[in-house]
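Structure first, then comments.
Values in this document were obtained by computation on a predicted structure and should not be read as measured data. Letters go in sequence order (proteins before strands), and every chain restarts at 1.
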Number of protein chains: 2
Amino acid sequence: MTTVLVVDDDPQIVRALRISLTAHGYRVLTAADGASALRAADDHPDVVVLDLGLPDLDGLDVITGLRRATTAPIVVLSARLDSADKVRALDAGADDYVTKPFGMEEFLARLRAAVRRSTRRRAGADEPLVRAASFTVDLTAKKIHRDGTEVHLTPTEWGLLEVLVRAGGEVLSPSRLLAEVWGPNHTSATHYLRVYLVQLRRKLEPDPAHPRHLVTEPGRGYRFQP
Amino acid sequence: MTTVLVVDDDPQIVRALRISLTAHGYRVLTAADGASALRAADDHPDVVVLDLGLPDLDGLDVITGLRRATTAPIVVLSARLDSADKVRALDAGADDYVTKPFGMEEFLARLRAAVRRSTRRRAGADEPLVRAASFTVDLTAKKIHRDGTEVHLTPTEWGLLEVLVRAGGEVLSPSRLLAEVWGPNHTSATHYLRVYLVQLRRKLEPDPAHPRHLVTEPGRGYRFQP
DNA sequence: GCGGACCGTCAAGACCGCGTAAAGGACCGG
DNA sequence: CCGGTCCTTTACGCGGTCTTGACGGTCCGC
């Protein structure tokens, strides 16, 4: 679950944000001033929503202080429209700046965008990882693993496998596959496909003669079965 | 140098952005429609500035298309004030949304924030000293140490190594490496790379014939393995 | 049962990317 | 002007990869 630290001294806004955020599945921590905000940073929130008009500390100092404690994205809320304030806040380490009054939908979308970017590396890095019974395909790292060891694929082999995997189980016609891997001018060389399907099966399938994942659909094409 | 891809069909805006961005030390690529924007994504911009009102493709499709090709942050420019548009764009994969007309200072600050966020991980905070098993790279002092003694690198050798090290293990394509080290006009002289890779390996690798740190990814490029 | 279309398999040769050595040439400081 | 460093360019061998051809098998319609 994603944890949001809301820092604002206005109980009205805190309450409104808590309701909306909780309703959207977030876990909510709150702080009413800068000092407690910096303390709350130790609880490792995934994202911080920060009002700049706090009673005890200057807003910019809160940002730099938070930056020392955490790499979580900071979305600043502020009533000030002055663009110089925005520039200072962003350069101090904030990730986005929303002026009050704000629309809740837009605010939530900006929050999602901030969280998405900060988690793409660690969580998202291994999300496009497709599993089959006997091997796994890492689409970003372009690597295949089987029985714990890495399997080496040639560029063309990889190109073919990638197209099949990205299709997500859909049957792809020979001409479609050829166009994707070899370019639109090789759509009649269906023999290539057979050769490379054999090689892929030999490298990936437990029993290459009876493929379970790289399946032939006679007369229609090929399909990847996760 | 940070590379910005500016996508807009209005020559006025492109021109204004190019001037401002260049003056602030960015390298600027431009595209006037969605199709060429997707093509330009292969040049690995560090950040994309995208106008949503393009003549050929729907803005959201451009965002999702870019997201397939690159993880660079996307800052959307749009004349539409409707918050529903913002929500859609942000949820499609955009990182920030600026409405026209916009203040250049604020825009630049948002751009800096977007770039900072996406490069924070590899900047490695305050440890610009990268260790490999057989040598260490000091990125600030521009020095290499191996077995306690300093290794001398020529400027070009250093440039190449620096780009590889800063990429933090990511595979870099030949064209990308050439553009970074020799400038964007030498992207086809792939032979340079082989020559300099040999020299770097001879100076740094324990067994230059079987490199452990400066690794070739056949068909895709080169990678630094710490 | 028979022929043809489609598919799987194997292997040989062409081709291309990569690594390596080394020569030519620009540039610079003495 | 000279020696050195560094960049560029040429040449070549090797190994992996792609392409191509041949052949056997299976399924289906006739």
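For D33(B), the side-chain hydrogen bond (donor to acceptor under 3.5 Å, both in side chains) test picks out S36(B), with sequence neighbours left out. Here R18(B) pairs with nothing under the salt bridge (charged side-chain N to carboxylate O under 4.0 Å, His left out) rule; sequence neighbours left out. With sequence neighbours excluded, the residues that form a salt bridge (charged side-chain N to carboxylate O under 4.0 Å, His left out) with D96(B) are R110(A), R110(B). Looking at residues two or more places apart in sequence or on another chain, you find a salt bridge (charged side-chain N to carboxylate O under 4.0 Å, His left out) between R112(B) and D91(A).
For the helix from dG1(C)-dC30(D) to dG30(C)-dC1(D), the angle separating the two terminal helix axes comes to 20°, with each axis derived from five pairs and the value rounded to 10°.
The side-chain heavy atoms of V28(B) and L17(B), taken from C-beta on, include no pair separated by under 4.5 Å.
Among the protein residues, H210(A) comes within range of no part of the nucleic acid, since none of its heavy atoms lies under 4.0 Å from any strand.
Remark on DNA chain D: of its neighbouring residues Y192(A) and L153(A), the 5'-side contact belongs to L153(A), judged by nearest-heavy-atom nucleotide.
Rounded to whole Å, the distance from CZ on R194(B) to P on dT10(D) is 14 Å. For the pair L200(B) CG and dC6(D) P, the interatomic distance rounds to 13 Å; values are reported in whole Å. Taking atom CG of residue L160(B) and atom C1' of nucleotide dC7(D), one finds them 14 Å apart after rounding to whole Å. Per the geometry, NE2 belonging to H152(A) stands 13 Å off C1' belonging to dC18(D), to the nearest Å.
The aromatic rings of F135(A) and H213(A) lie perpendicular to each other, with more than 60° between the two planes, well past the 30° mark.
Contact between the side-chain N/O atoms of T156(B) and the OP1/OP2 oxygens of dC7(D) is found at a separation under 4.0 Å. Distances shorter than 4.0 Å separate some side-chain N or O of R202(A) from OP1 or OP2 on dC10(C). Note on T190(B): every side-chain N or O is 4.0 Å or more away from OP1 and OP2 of dG17(C).
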Enumerate, atom names and distances included, each donor-acceptor pair closer than 3.5 Å involving a side-chain atom of residues 215-226 of chain A, sequence neighbours excluded.
{"from": "T216(A)", "atom 1": "OG1", "to": "R201(A)", "atom 2": "NH2", "distance (Å)": "2.8"}
{"from": "E217(A)", "atom 1": "OE1", "to": "R220(A)", "atom 2": "NH2", "distance (Å)": "3.4"}
{"from": "E217(A)", "atom 1": "OE2", "to": "R223(A)", "atom 2": "NE", "distance (Å)": "2.7"}
{"from": "E217(A)", "atom 1": "OE2", "to": "R223(A)", "atom 2": "NH2", "distance (Å)": "2.9"}
{"from": "R223(A)", "atom 1": "NH1", "to": "Q225(A)", "atom 2": "OE1", "distance (Å)": "3.3"}

List every contact pair, protein side and nucleotides 21-23 of chain D side both N or O, where the distance is under 3.5 Å.
{"from": "dG21(D)", "atom 1": "O6", "to": "H191(A)", "atom 2": "NE2", "distance (Å)": "2.9"}

Just the table, please: protein N/O against nucleotides 27-30 of chain D N/O, every pair under 3.5 Å.
none

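Contacts with DNA chain C (heavy atom under 4.0 Å) in residues 215-226 of chain B: T216(B), G219(B), Y222(B), listed by number. Listed by residue number, there are no residues of residues 163-183 of chain A with a heavy-atom contact under 4.0 Å to DNA chain C.
In this structure, the separation between CG on D85(A) and CG on L60(A) is 8.0 Å, given to the nearest 0.5 Å.
Electrostatic pairing of R27(B) and D46(B) does not count as a salt bridge here, judged by no charged N lying under 4.0 Å from a carboxylate O.
Applying the salt bridge (Lys or Arg N to Asp or Glu O under 4.0 Å) definition to pairs two or more places apart or across chains, those involving residues 135-164 of chain B are E157(B)-K203(B), E162(B)-R166(B). Within the structure, salt bridge (Lys or Arg N to Asp or Glu O under 4.0 Å) contacts touching residues 175-190 of chain A (residues at least two apart or in different chains) are R176(A)-E180(A).
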